[in-house]
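A short worksheet on the structure shown next.
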2 protein chains.
Amino acid sequence: MRFGEKIKSLREQSGLFQREIAAELKIDTPMYSKIESGTRKAKRQHVLQLVKFFRLKEEELMSIWLADQIIDLLKEEKYGQSGLLIAGKDLYPSNNVWQ
Amino acid sequence: MRFGEKIKSLREQSGLFQREIAAELKIDTPMYSKIESGTRKAKRQHVLQLVKFFRLKEEELMSIWLADQIIDLLKEEKYGQSGLLIAGKDLYPSNNVWQ
DNA sequence: TATAATATTGTCAAAAACAGACAAGTCAAA
DNA sequence: TTTGACTTGTCTGTTTTTGACAATATTATA
């Protein structure tokens, strides 16, 4: 699940309108709409505000937000999978899933 | 190994000067120096030129170049590993390394 | 159906980030 | 101490991103 879908489902579960979340983030409704649809990227600060607002664990939203950016980076790339594994090995060598 | 180190080692193995690679890429030597040191990012086009120049398989250099960008994205991130795994699962679901 | 509220899309100017270019610096070898 | 290779710093023009607003579309409800 991409970041936009995630916050959309959180919002709908809470029975809130975009306007209310947008106000919380101090952005206008069109901007928030674009974040939900994935045509604009949320700022890190917005993610943290949403974590507090929806009372989530930071990792739950941050990891999806980061994944989103990686997906955007690799989605048209032929060698994305190799790149991902190399990055994983470099950053988190103690995890042996990267081979 | 990061992208800059990689092309530096390829260059040194070939016994060439930065000036020669820079000319090939049609950039000046300071710019190329910065790419080797990782303070500037190579363009995709540069990577492809280097693949031809050093007669490499495209995947060998492209995957490192992509990994570099992922590393820059995640290196200060607390939840980078989770993000990486989520992205992997989303992009390449048939590979089960992402759990 | 009419209308009101919600949500989406399009556009544009301002701001931020980035690339290219050059000058000036360091460093090592001769 | 001079030369050549490399690095660092800075400036400017370009590209990209952002925020704001207008306009349109969609949905809910009277």
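In what follows, every chain begins at residue 1, and chains take the letters A, B, ... in the order their sequences are listed. Values below: all heavy atoms of this structure, side chains included; hydrogens, waters and symmetry mates excluded.
Protein chain B contacts DNA chain D from D:dA5 to D:dT10, reading 5' to 3' and using non-hydrogen atoms of the protein with a distance under 4.0 Å.
Following rounding to the nearest Å, B:Phe17 (CZ) and C:dC27 (C1') show an atom-to-atom distance of 15 Å. Regarding B:Ile35, its CD1 atom lies at a distance of 12 Å from the P atom of C:dA21, rounded to whole Å. Distance A:Arg11 CZ to C:dT6 P: 11 Å, rounded to the nearest Å. When the C1' atom of C:dA19 is taken as reference, atom CD of B:Gln45 falls 12 Å away, rounded to whole Å. Distance CZ (A:Arg19) to C1' (C:dT8): 16 Å, rounded to an integer number of Å. At whole-Å resolution of the value, CG in A:Asp28 and C1' in C:dT6 are 14 Å apart. Between A:Lys34 atom NZ and C:dC12 atom C1' there is a gap of 11 Å when expressed in whole angstrom units. The distance between atom CD of A:Glu12 and atom C1' of C:dT6, rounded to the nearest whole Å, is 12 Å.
The closest side-chain donor-acceptor pair between B:Thr29 and B:Gln18, if any, does not fall under 3.5 angstrom.
Of the residues near DNA chain C, B:Ala42 and B:Pro30, the one whose nearest nucleotide (by heavy atom distance) lies more toward the 5' end is B:Ala42. For the pair B:Tyr32 and B:Arg40, nearest-nucleotide mapping onto DNA chain D gives the more 5' position to B:Tyr32.
Expressed to the nearest 0.5 Å, how far CG of B:Asp68 lies from CZ of B:Arg2 amounts to 4.0 Å. Here the OG-CD distance, from A:Ser37 to A:Glu5, works out to 11.0 Å after rounding to the nearest 0.5 Å.
Counting any heavy atom pair closer than 4.0 Å across all strands shown, B:Lys26 reaches no nucleic acid atom.
Annotation: side chain of A:Leu10 is not in contact with side chain of A:Leu16 (no heavy-atom distance under 4.5 Å). Annotation: side chain of A:Ile35 is in contact with side chain of A:Ile27 (closest heavy-atom distance under 4.5 Å).
Electrostatic pairing of A:Arg44 and B:Glu77 counts as a salt bridge here, judged by a charged N lying under 4.0 Å from a carboxylate O.
B:Glu36 places no side-chain N or O within donor-acceptor distance of the main-chain N or O of B:Ser33, the cut-off being under 3.5 Å.
Proximity of A:Gln18 to the phosphate of C:dA5: no side-chain N or O atom is located under 4.0 Å from OP1 or OP2.
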